[in-house]
*Asks:* 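One structure, pasted below without further comment.
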Amino acid sequence: MSTPTELDAPLATPPTGRLARWARPALVANLVAQIGIVVTGGLVRLTGSGLGCSTWPQCEPGQFAPELHAATSIHPYIEFGNRTLTGVLVVVAALVVLTVWPDRTRAKSFRLLALAPLAGVLLQAVIGGITVLVDLHPAVVGGHMLISLALIAVSMLLLHRAGEGDGPPLRVVHPAAWIGARVTAVVAVPMLVLGVIVTGAGPHSGDEEVGYRFAVDPALMARFHALSVWLFVLALVATCWYLWRHPAPAGARRASLTLLALTVAQGVVGYVQYFAGLPIALVAIHMLGAGVVTAAAVWFVLTTRERGVLVEAEAEAIADDEDATA
């Protein structure tokens with residue numbers, strides 16, 4: 001097992017930038033908002049409100065927001081509410097940039113990573129508009145969801161990296177557990193993709209009149225998705241076994257059990273919703289679970305290694321190199 005040495009030395013220079021102290025609250029808010037937008041986007045789909053606003057970026061031709069009148073349904077307000085939350089997410093992602101980027105004591109790679117949520121949210125806003133313009137084509141809607149899950153993963157990475165240094169990552173668990181954690185993360189990708197395909201093939205297409213869906217057998221896709229979940233659980237259980245059989249940080253063990261508990265709960269909801277005929281409430285909980293499990297999986301992998309803080313000389317070398325390339 002590798003152990004940190006000189007990387008344990010603290011930085012002599014405190015974080016720079018007036019907003020640096022607000023970096024962690026901004027990163028927490030960003031992660032919560034990234035998960036929240038998955039839920040509100042799911043509600044748009046589950047309530048058949050995907051075309052509640054007929055165009056984009058306006059809600060209707062010539063008007064930005066829905067107009068209240070006697071024939072107005074709830075759908076435009078649900079769709080517009082989700083668009084409004086996207087605006088809030090832009091503000092939060094911008095705060096991440098403003099609080100992280102000016103801190104010259106951190107590695108440039110970390111500061112550049114802070115740009116990803118803002119870039120991703122702006123991309124999502126465009127893709128969200130495209131989904132309306134193409135009448136909720138399932139491939140575009142599915143891509144919209146997968147990008148959200150990727151942004152949740154990046155947001156979790158940012159939050160974790162904010163609490164550690166910029167030294168090289170050092171393995172702190174048994175080699176088999178280290179490999180197992182990464183295998184678990186790899187298996188999570190097809191599990192999440194198949195979950196999106198199952199949703200795109202099912203009854204919740206996003207609009208009550210336009211019922212575009214993936215041209216696949218929903219039951220067959222659900223079985224493939226269930227198989228991928230079982231593979232994920234097996235990889236995770238094997239990794240947990242190594243973590244508890246060999247020396248490991250308490251944080252890694254806690255993260256593994258948390259991920260296992262969330263996965264089991266998510267699996268139970270998945271099976272219940274399937275046999276109950278996909279009720280909206282359970283599907284919404286399952287979508288929330290997808291976001292939470294994604295964040296927990298990234299957190300688990302990150303706890304299997306540590307990054308020490310750079311010594312002052314190394315930090316100054318990074319700053320000088322950035323000045324030279326600016």
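Numbers for residues simply follow the sequence, beginning at 1. Here the structure is a predicted model, which means the values were calculated and not measured.
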*Asks:* Is the closest side-chain heavy-atom distance between F224 and D217 below 4.5 Å?
*Replies:* no

*Asks:* About how many Å separate CG of L194 and OG1 of T199, when rounded to the nearest 0.5 Å?
*Replies:* 11.0 Å

*Asks:* Is V38 close to L288 at the side-chain level, that is, under 4.5 Å between some pair of heavy atoms?
*Replies:* no

*Asks:* Are I130 and I147 in one and the same hydrophobic cluster, where Ile, Leu, Val, Met, Phe, Trp and Tyr link if side-chain heavy atoms are under 4.5 Å apart?
*Replies:* yes

*Asks:* I want to check a possible cation-pi pair here: R305 against W178, using under 6.0 Å from ring centre and within 45° of the ring axis as the test.
*Replies:* no

*Asks:* Which value, rounded to the nearest 0.5 Å, describes the distance between T294 atom OG1 and L259 atom CG?
*Replies:* 10.0 Å

*Asks:* If only side-chain N and O atoms count, and only distance matters, is there a donor-acceptor pair under 3.5 Å linking T304 with R182?
*Replies:* yes

*Asks:* At their closest point, which heavy atom of P117 faces which heavy atom of L151, and how far apart are they?
*Replies:* CA-CD2, 4.2 Å

*Asks:* Considering only heavy atoms from C-beta outward, does the side chain of T258 approach that of W299 to under 4.5 Å?
*Replies:* yes

*Asks:* Do Q124 and S148 have a side chain donor and acceptor closer than 3.5 Å?
*Replies:* yes

*Asks:* What's the shortest heavy-atom distance between A114 and V96, and which atoms?
*Replies:* O-CG1, 3.8 Å

*Asks:* With the 4.5 Å side-chain cut-off for hydrophobic clustering, are Y274 and V293 part of the same group?
*Replies:* no

*Asks:* If you define the side chain from C-beta out and look only at heavy atoms, does anything of V193 sit under 4.5 Å from I197?
*Replies:* yes

*Asks:* Just wondering, do L260 and F300 contact through their side chains at under 4.5 Å, heavy atoms?
*Replies:* no

*Asks:* Taking side chain as C-beta onward, heavy atoms only, is M287 less than 4.5 Å from M145?
*Replies:* yes

*Asks:* If you take all heavy atoms of L113 and V154, which pair is closest and at what distance?
*Replies:* CD1-CG1, 4.1 Å

*Asks:* Between L149 and V301, is there a shared hydrophobic cluster once you connect ILVMFWY residues whose side-chain heavy atoms come closer than 4.5 Å?
*Replies:* no

*Asks:* Just to verify, which of V88, L89, I152 counts as forming a side-chain contact (heavy atoms from CB on, under 4.5 Å) with I37?
*Replies:* L89

*Asks:* Donor-acceptor check, side chain of R307 to backbone of G167, threshold 3.5 angstrom: yes or no?
*Replies:* yes

*Asks:* If you compare all heavy atoms of V173 against all heavy atoms of L243, which two are closest, and at what distance to 0.1 Å?
*Replies:* CG1-CD2, 3.7 Å

*Asks:* Once rounded to the nearest 0.5 Å, what's the spacing between atom CG of L234 and atom OG1 of T239?
*Replies:* 10.5 Å

*Asks:* Give a yes or no answer on whether the side chain of R161 reaches the backbone of G165 with a donor-acceptor pair at less than 3.5 Å.
*Replies:* yes

*Asks:* Do you know the tightest heavy-atom contact between L282 and V269?
*Replies:* O-CG1, 3.7 Å

*Asks:* Going from CG on L27 to OG1 on T99, what distance comes out if it is rounded to the nearest 0.5 angstrom?
*Replies:* 6.0 Å

*Asks:* Take L257 and W244 through the side-chain contact (heavy atoms from CB on, under 4.5 Å) test and state the conclusion after the steps.
*Replies:* CA-CA 11 Å; L257 294 181; W244 289 90; 3.5 Å; yes

*Asks:* Please report the closest heavy-atom contact between S155 and L31, naming both atoms and the distance.
*Replies:* CB-CD1, 4.0 Å

*Asks:* To the closest 0.5 Å, what do you measure between NE2 (H286) and OH (Y271)?
*Replies:* 10.5 Å

*Asks:* Run the side-chain contact (heavy atoms from CB on, under 4.5 Å) test on L95 and W22 for me, step by step, so that the C-alpha distance in whole Å, both residues' side-chain angles and the decisive distance to 0.1 Å come before the verdict.
*Replies:* CA-CA 9 Å; L95 287 176; W22 297 103; over 6 Å; no

*Asks:* Spell out, yes or no, whether L170 and Y242 are grouped together once hydrophobic residues are joined by side-chain heavy atoms under 4.5 Å, including indirect joins.
*Replies:* no

*Asks:* Rounded to the nearest 0.5 Å, how far apart are CD1 of I285 and CD1 of I280?
*Replies:* 12.5 Å

*Asks:* Is D103 salt-bridged to R111, cutoff N-O under 4.0 Å?
*Replies:* no

*Asks:* Give the cluster check for V237 versus W230: same hydrophobic cluster or not, with ILVMFWY residues linked at side-chain heavy-atom distances below 4.5 Å.
*Replies:* no

*Asks:* Hey, are the side chains of H160 and T303 touching, using non-hydrogen atoms and a 4.5 Å cut-off?
*Replies:* yes

*Asks:* Could you go through Q266 and T263, starting from their C-alpha distance and side-chain angles, then the distance that decides it, and tell me whether this counts as side-chain contact (heavy atoms from CB on, under 4.5 Å)?
*Replies:* CA-CA 5 Å; Q266 178 76 335; T263 303; 5.5 Å; no

*Asks:* Evaluate L192 against V196 for side-chain contact (heavy atoms from CB on, under 4.5 Å), listing each step before the verdict.
*Replies:* CA-CA 6 Å; L192 295 171; V196 170; 5.8 Å; no

*Asks:* May I ask you to decide if the ring planes of H174 and H246 are parallel, tilted or perpendicular, using 30° and 60° as cut-offs?
*Replies:* parallel

